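What follows is one structure encoded as structure tokens, with my remarks underneath.
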Amino acid sequence: MPTYLDHNATTHLDPRVLEAMLPYLSGPSANASSLHRYGRIARDAVEQARVQVAQLVGCEAKEVVWTSGGTEANNLALKGATASETASRVLYGATDHPAVMEAAESLAQAGWRVEAIAVDTNGVFDFAALEAQLADGPLRLVSAMRANNETGVIQDVARVAQLAHAKGALMHVDAVQAVGKIAVDILELDADLLSLSAHKIYGPKGSGALVVRSHVDLRPIQHGGAQERGLRGGTENVAAIVGFGAAAELARLELEERAAHVQVLRQRLEAGLRTRPDTLIFGGNAREHLPNTLQFAIAGWDGEALLMALDRKGFAVSSGSACASGSGEPSHVLLAMGHDRVTAKGAIRASFGKDNVPGDVDGFLAALSQIVASA
Ligand SMILES: Cc1ncc(COP(=O)(O)O)c(C=O)c1O
């Protein structure tokens with residue numbers, strides 16, 4: 001079995017989550033909107049999951065809107081929160097996920113002013129630049145990720161929210177990578193909208209949610225059914241939603257244990273890499289990172305070439321993000337942090353999960369040394 005060090009791309013389904021899902025995959029499978037008893041069983045399961053997801057982020061169950069994942073949640077946030085408004089301005093983080101950046105860019109075609117919030121060399125927001133930007137005209141929405149999928153750098157989104165709210169704007173937080181790794185409380189973050197995805201927390205792929213606080217005027221971007229209070233039409237994927245609920249509950253109950261476990265592995269990797277003079281750690285001086293994520297480059301190595309060599313030795317990692325890999329383009333995150341294209345193309349991301357062990361780190365460091373030495 002290869003050693004899997006790519007948990008920010010996706011996680012495997014926790015067997016306990018699978019067990020919770022099985023009755024809804026193999027039993028009589030009803031539409032949660034049907035009025036008969038089977039429909040009511042499905043509805044109850046969907047509503048129980050809504051409570052479990054709400055408890056993970058400290059919102060009310062009725063504020064959880066099911067989506068097909070983080071990408072749809074981000075699209076619904078940006079497009080849905082601007083749909084009722086005459087075009088003004090939207091800001092998003094320069095290192096945000098493409099699902100935010102491209103949703104924002106699509107608003108530009110509808111006449112919105114869309115601007116990126118700059119980051120410094122550590123990938124952290126430049127608040128002086130942001131304050132100047134905020135002063136420059138009307139604003140409807142600010143979108144920012146809590147934790148970066150590539151570097152693991154954590155942003156002070158509560159501070160961004162405070163500034164956005166002072167301008168009368170809404171705050172959307174992409175918390176897809178943060179949940180399950182660090183505590184996420186929507187009230188502490190002061191977010192109006194919050195995106196989540198099940199497959200990053202040992203739940204099923206293709207399941208996510210947008211938390212929509214009750215004061216937000218959000219319009220649907222998909223029409224055709226009254227599900228989700230009319231905000232997201234379509235027959236619910238009951239088994240996937242049940243899986244998301246179960247994964248959310250486990251993530252809440254096991255958060256501290258999981259975070260402490262992966263933190264040790266990350267520190268072990270960082271210590272090993274810091275003994276190599278040819279290694280650059282991206283965002284290495286940021287004040288806060290996810291406990292499980294470390295992105296680095298080895299001088300003279302292309303990230304994808306190194307990734308494939310590591311793959312041959314049985315280690316599964318990413319170069320940058322899984323979404324951008326294979327495109328041949330350097331990571332927009334690293335470019336936004338001021339790295340040149342060659343350095344950015346050297347990126348390798350290791351992201352640990354709850355089932356990794358210290359030996360995985362030692363094996364990885366040894367494989368890396370062998371590859372570099374034999375080149
Ligand atoms: C920060 C962030 N936002 C959104 C997404 C998209 O989530 P999904 O894969 O569920 O569409 C990802 C996935 O990698 C992500 O890392």
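The basis for the numbers below is simple: all heavy atoms, side chains too, and nothing from hydrogens, waters or symmetry mates. Start at 1 with the first residue, then count along the sequence. What you see is a predicted model, and the numbers here were worked out from it, not measured in a lab. Indexing begins at 1, ligand by ligand and atom by atom, following the structure's order.
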Suppose I only count heavy atoms of [X] and a 4.0 Å limit; which atoms of ligand 1 are within that range?
| X | value |
| --- | --- |
| Ser197 | 8 (P), 10 (O) |
| Gly69 | 10 (O) |
| Asn74 | 3 (N), 4 (C) |
| His199 | 8 (P), 9 (O), 10 (O) |
| Met145 | 1 (C) |

Review point. For Ala99 and ligand 1, does the shortest N/O to N/O distance drop below 3.5 Å?
Key: no
Check your understanding: Can you find an N or O of Thr71 that's nearer than 3.5 Å to an N or O of ligand 1?
Key -> yes
Point to revise | Polar contact flag, side-chain donor to acceptor under 3.5 angstrom, Asp340-Thr343 | key: yes
Check your understanding: Do Ser195 and Asp174 have side-chain N/O donor and acceptor atoms under 3.5 Å apart?
Key -> no
Practice item. Answer yes or no for Lys200: is there a heavy-atom contact with ligand 1 below 4.0 Å? Key: yes
**Study point:** Gap between atom CG of Leu210 and atom CG of Leu231 - 0.5 Å precision
**Key:** 8.5 Å
Point to revise | Residue part near ligand 1, for Asn149, under 4.0 Å between non-hydrogen atoms | key: side chain
Practice item. Mind checking whether Val100 contacts ligand 1 via backbone (N, CA, C, O), side chain (CB onward), both or neither, at a 4.0 Å heavy-atom cut-off? Key: neither
Hydrophobic clusters here meaning ILVMFWY residues chained together by side-chain heavy-atom distances under 4.5 Å, can you tell me if [X] and [Y] are in one?
| X | Y | value |
| --- | --- | --- |
| Leu335 | Ile117 | no |
| Leu56 | Val46 | yes |
| Met145 | Val176 | no |

Point to revise | Partners passing side-chain hydrogen bond (donor to acceptor under 3.5 Å, both in side chains) against Asn8 (at least two apart in sequence or in another chain) | key: Lys181, Asn292, Thr293
